[in-house]
Amino acid sequence: MPSPRAIVGMDAHERITRNTAEVVTEEEIETLADDPDGKRAYVGYEPSGVLHIGHMLTANKLIDLQEAGFEVTVLLADVHAYLNDKGSFAEIRSTAERMRDQFIAYGLDESNTQFVLGSDFQLDEDYTLDLHALELETTLARAERAMADIKSGDSVKVSQAVYPLMQALDIPYLGVDLAVGGMEQRKVHMLARDVLPSIDREPPTSLHTPLIADLGTGEGKMSSSTGVTISMEDSREEIEEKVNKAYCPPTADPDSTEDGVERENPVLQVFEYHVFPRFETVVVERPDEYGGDLEYEAYEPLESDLESGELHPADAKGALAEYLDRLIAPGREQLAE
RNA sequence: CCGCCCUUAGCUCAGCCUGGUAGAGCAGCCGACUGUAGAUCGGCUUGUCCCCCGUUCAAUUCGGGGAGGGCGGACCA
């Protein structure tokens, strides 16, 4: 079972910033960490019905923030999903509720998490007028750049140019102190920092989680739309199969491909960003002929054991599937109801 | 509104001129080899050929209409 005990000894700043790719700015984060109680953080998600490993990564950060004393808001961004061509508004809305339940099942503290539907405030007159003010401040090229890593489809619609501006505006309207997202959100957050002062709002502090490489190849970014992802719909068997097929050379720093494409070790990344943040100890079960079980209390020793050959990738994968299954099981049961 | 180009396997595209229901590369899947995966080797799968109508014994191919996408429509070149 996931245990918050693992991080009891950690101070607020460390809890807030661990496993992040970037914080903007470090000074602002330090100020928040000095007195985190009652501070507010948020992440927005386009409702998709089923939580996948990408959602889980930012959710881990929300859990860290809650344990550090933050209040957490999850924006179920129905209007954003609609603007990003994800289906009819009615369809999108109906999936939002399922998503809420899965976040709770995953481990967000229900009593300390506020779920807000975007359409509850984004259609108000004040909001709309502020949005138009931001539109007036932003070139199409800038909005398009901000959407580069987020947009669906291969052409940019006007709706998708409005999208990042709404994200910027959501921050003051939700009254949050910290915007959280994956690294694909950074250009949106930078845009927010640039444009919000034009309507007399504070530039928001933001925190970005890393993007995990494609499980199958170690290249690029894992995506729910292309390639293999792991979601709350997966059975134990499917998780084992996907993990077993994952790219996993015995190193944390694999060579680039012949074409010069950078590669990561996605198996290690999932251990680092998904398993160790939620488990106090990780036991790698291993047949006696290969040396018997191994036990880890932190990520780094596991990585160095893989590098040295002490831990074979096949055994690491067995353990990874086991712990991923434990993380997903509550959400999977939730979905089954 | 007008003009040009595009639409064929999951992706990028060839084939159409000279009608007989289709191919490559990549991806994917299976096997061999590694105690994982990858790499390497061997094998294999996949298609409403955008839609409708017409011509024809026969249309992915020809003709007409439509839809979707891209680019262009001052001057200069």
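The sequence lines fix the lettering, A, B, ..., with proteins before strands; numbering per chain opens at 1.
Here the separation of B/C26 from B/C62, taken at their P atoms, is 30 Å to the nearest Å. Remark: the separation of the C1' atoms in B/A9 and B/C50 is 15 Å, to the nearest Å. Nucleotides B/U21 and B/C6 have their C1' atoms positioned 23 Å apart, rounded to a whole Å. Nucleotides B/U18 and B/U61 are separated by 14 Å at their P atoms, to the nearest Å. Rounded to whole Å, the C1' atom of B/U56 lies 26 Å from the corresponding atom of B/G23. Spacing between B/C44 and B/A24 at atom P, rounded to whole Å, works out to 11 Å. Distance noted for atom P between B/G63 and B/U55: 16 Å (whole Å). With C1' as the reference atom, B/G28 and B/A67 are 31 Å apart, rounded to whole Å.
Listed pair A/K245 / B/C29 meets the phosphate criterion, a side-chain N or O lying under 4.0 Å from OP1 or OP2.
Each of B/G35, B/G38, B/U36 was ranked by its minimum atom distance to the side chain of A/R263; first place goes to B/G38. Comparing B/G35, B/G38, B/U36 against the side chain of A/Y247 picks out B/G38 as the nearest.
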**OP:** Give the dot-bracket string for RNA chain B, reading 5' to 3', where a pair is Watson-Crick or G-U wobble with both distances under 3.5 Å, ( ) marks pairs inside the strand, [ ] marks pairs crossing earlier ones, | marks a partner on another strand, and . marks unpaired.
**Re:** (((((((..((((......[..)))).(((((.......))))).....(((((..]....))))))))))))....

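Residues passing the side-chain hydrogen bond (donor to acceptor under 3.5 Å, both in side chains) test with A/Q102, sequence neighbours excluded: none.
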